[in-house]
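The structure under discussion appears below in the form of structure tokens.
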2 protein chains.
Amino acid sequence: MPTRRPPRTDVTPAGRLDEARLHHVLGYQMAQATIVTNAVFMAHAGEPFGLRPVEYTVLTLIVENPGGSLARLARALAVTAPNITMWIDKLEARGLVRRQPSATDRRAQVLQATPQGEALARQATQAILEAERAALTTLSPAEHAMLVELLHKVACARGDGAG
Amino acid sequence: MPTRRPPRTDVTPAGRLDEARLHHVLGYQMAQATIVTNAVFMAHAGEPFGLRPVEYTVLTLIVENPGGSLARLARALAVTAPNITMWIDKLEARGLVRRQPSATDRRAQVLQATPQGEALARQATQAILEAERAALTTLSPAEHAMLVELLHKVACARGDGAG
DNA sequence: TATTGTTATACTCTATAACTATA
DNA sequence: TATAGTTATAGAGTATAACAATA
């Protein structure tokens, strides 16, 4: 007679550890899922294109919002001003984005992606979308789409007392 | 006549930036949502109980899996061995967990939470669950539960070619 | 030969403080 | 007085390499 094991539905994906109460903590599940999405990003976009997650996000937000300032970018990503300065420095040194003086506010700098930056962002996004779809066969297309929307709703809770 | 603004459904929660293509990148939405869950954790569990996110997770996994090894914990959290050693050092110095020699493997150390560690983990989990529920009024209870399950499915994709 | 755990070390990333310039 | 951006500096966190002990 084989050893009986109690049925388990709550386990960590890799470490085979119980997570009975932890299972319902959203922050914990976010961290565990981020392990997967980070690995997908690094393998299919980060390493091929030489981009860190933050660099990719910053670059793409600039591509999709030409003419934005560094301060607005810092708020969007919840990072500090010196931090954004550093990442823009790196992207500018690689010729992916450009700083230009704002026409309306002489304190501010306006950001714009170069043609190379736009091309890189487009290729990276394409690669990530395909890689995520391929990696997450555990989710149906409908579930995948629903997850994205639910996460967006969570993100929109920002400012409502969460941070 | 007021200035006309084009209707926008895809914007960053805080920075008011378009994210048309970025919107469908799961890793990006994960990062944005993590800003919220991290803030909730820090405000209601991290600062009150003096716990970093990793510390909370490590402690709770030990509470729910007494007798596990450091190596297994490292795999569960996808962190390196020296990293786990450091976090266990900190938790042990605070009297929250204990290391004990394994009875079956003389290389391994077995981890166990102290009564104080168990109490702290229980209180912290309670606080997080309540705080997340309170902060995410933008999600219905059903959506909240579904989000947790979808994230769990994503996390379970680990090892299937994602990392 | 692989695995467990530790130490030492370096690197990445982030945060804080102080500053200039402009609103 | 507040905001935009930069610089300098310190701190947190992580990774790598090398090692000892055991499987």
Side-chain angles (χ1 to χ4, degrees), chain A residues 14-17 31 34-35 38-39 41-42 46-47 50-59 62 65 67-94 97-112 163, chain B residues 14-17 31 34-35 38-39 41-42 46-47 50-59 62 65 67-94 97-112 163:
Chain A
R16 300 283 97 189
L17 300 178
T34 297
I35 296 173
N38 266 347
F41 172 86
M42 285 311 292
E47 288 168 7
L51 287 172
R52 304 234 139 237
V54 205
E55 288 178 312
Y56 163 74
T57 304
V58 169
L59 175 60
I62 293 173
N65 301 272
S69 69
L70 280 80
R72 210 159 66 138
L73 211 46
R75 281 192 292 271
L77 301 176
V79 298
T80 58
N83 207 340
I84 277 291
T85 296
M86 184 196 67
W87 289 117
I88 298 296
D89 283 348
K90 291 194 179 183
L91 292 175
E92 197 171 26
R94 286 175 62 182
V97 305
R98 263 197 301 264
R99 271 186 256 233
Q100 281 172 333
S102 166
T104 58
D105 187 335
R106 284 167 57 196
R107 297 172 302 181
Q109 309 250 21
V110 150
L111 296 167
Q112 197 176 353
Chain B
R16 303 282 96 188
L17 299 178
T34 297
I35 295 173
N38 266 347
F41 172 86
M42 286 312 292
E47 287 167 7
L51 288 171
R52 304 237 137 237
V54 206
E55 289 178 312
Y56 164 75
T57 304
V58 169
L59 175 60
I62 293 173
N65 302 271
S69 68
L70 280 80
R72 210 161 64 138
L73 211 46
R75 281 192 292 271
L77 300 175
V79 298
T80 58
N83 209 339
I84 277 291
T85 296
M86 183 196 67
W87 289 118
I88 298 296
D89 284 348
K90 291 194 179 184
L91 292 176
E92 198 171 25
R94 286 177 61 183
V97 304
R98 264 197 301 265
R99 272 183 254 234
Q100 282 173 332
S102 166
T104 57
D105 187 336
R106 285 167 57 195
R107 296 172 302 180
Q109 309 249 20
V110 150
L111 295 168
Q112 197 177 353

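Proteins come first, then strands; the chains are lettered A, B, ... in the order of their sequence lines, and each starts at number 1. None of the values given here were measured: they were computed from a predicted structure.
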> Does a nitrogen or oxygen in the side chain of B:Arg75 sit under 4.0 Å from OP1 or OP2 of C:dT4?
Replying inline: yes

> A:Gln109 has an atom CD; how far is it from atom C1' of C:dT22, in whole Å?
Replying inline: 12 Å

>> On the nucleotide D:dA4, are OP1 or OP2 found under 4.0 Å from the side-chain N or O atoms that A:Ser69 carries?
In response: no

>> Assuming nearest nucleotide by heavy-atom distance, tell me which of B:Ile88 and A:Ala78 is located more 5' along DNA chain C.
In response: B:Ile88

> Between A:Glu92 and A:Arg99, is there a salt bridge with N-O shorter than 4.0 Å?
Replying inline: yes

> A:Arg107 has an atom CZ; how far is it from atom P of D:dT1, in whole Å?
Replying inline: 17 Å

> Nearest-Å distance, CD (A:Glu55) to C1' (C:dC13)?
Replying inline: 12 Å

> Do any side-chain nitrogens or oxygens of B:Arg72 fall under 4.0 Å of OP1 or OP2 in C:dT3?
Replying inline: no

> D:dT14 phosphate, OP1 or OP2: any side-chain N/O from B:Trp87 under 4.0 angstrom?
Replying inline: yes

>> Measure CZ/A:Arg52 against P/C:dT12 and give the value in whole Å, please.
In response: 8 Å

> Between A:Leu51 and A:Phe41, what is the shortest heavy-atom contact and its length?
Replying inline: O-CE2, 3.5 Å

> Touch check for B:Ser102, heavy atoms < 4.0 angstrom, all strands: base, sugar-phosphate only, or nothing?
Replying inline: nothing

> Does any donor-acceptor pair link the side chain of A:Arg106 with the base of C:dT22 at a separation under 3.5 Å?
Replying inline: no

>> Base, sugar-phosphate or nothing for B:Ala81? Non-hydrogen atoms, less than 4.0 Å.
In response: base

> Roughly how many Å is it from CG in A:Leu73 to P in D:dG5, rounded to a whole number?
Replying inline: 10 Å

> How close do A:Asn38 and A:Pro53 get, heavy atom to heavy atom, and via which atoms?
Replying inline: OD1-CG, 4.4 Å

> Rounded to whole angstrom units, what separation is found between the CD1 atom of A:Ile35 and the P atom of D:dT14?
Replying inline: 11 Å

> C:dC13, D:dT7, C:dG5: which one has an atom nearest the side-chain heavy atoms of A:Lys90?
Replying inline: C:dC13

> Within this structure, what is the CD1-to-P distance between B:Ile84 and D:dA15, rounded to whole angstrom?
Replying inline: 11 Å

>> Check whether B:Gln112 reaches the backbone of B:Gln100 with its side chain - one donor and one acceptor, N or O, closer than 3.5 Å.
In response: no

> Taking CG from B:Asn83 and C1' from C:dT7, how many angstroms apart are they, rounded to a whole number?
Replying inline: 14 Å

> What closest approach, in Å, do A:Val58 and A:Leu91 show between heavy atoms, and which atom pair accounts for it?
Replying inline: CG1-CD1, 3.7 Å

> How do B:Asp105 and B:Val54 order along DNA chain D: which one's closest nucleotide is nearer the 5' end?
Replying inline: B:Val54

>> D:dA15, OP1 or OP2 - any side-chain N/O from B:Thr80 closer than 4.0 Å?
In response: yes

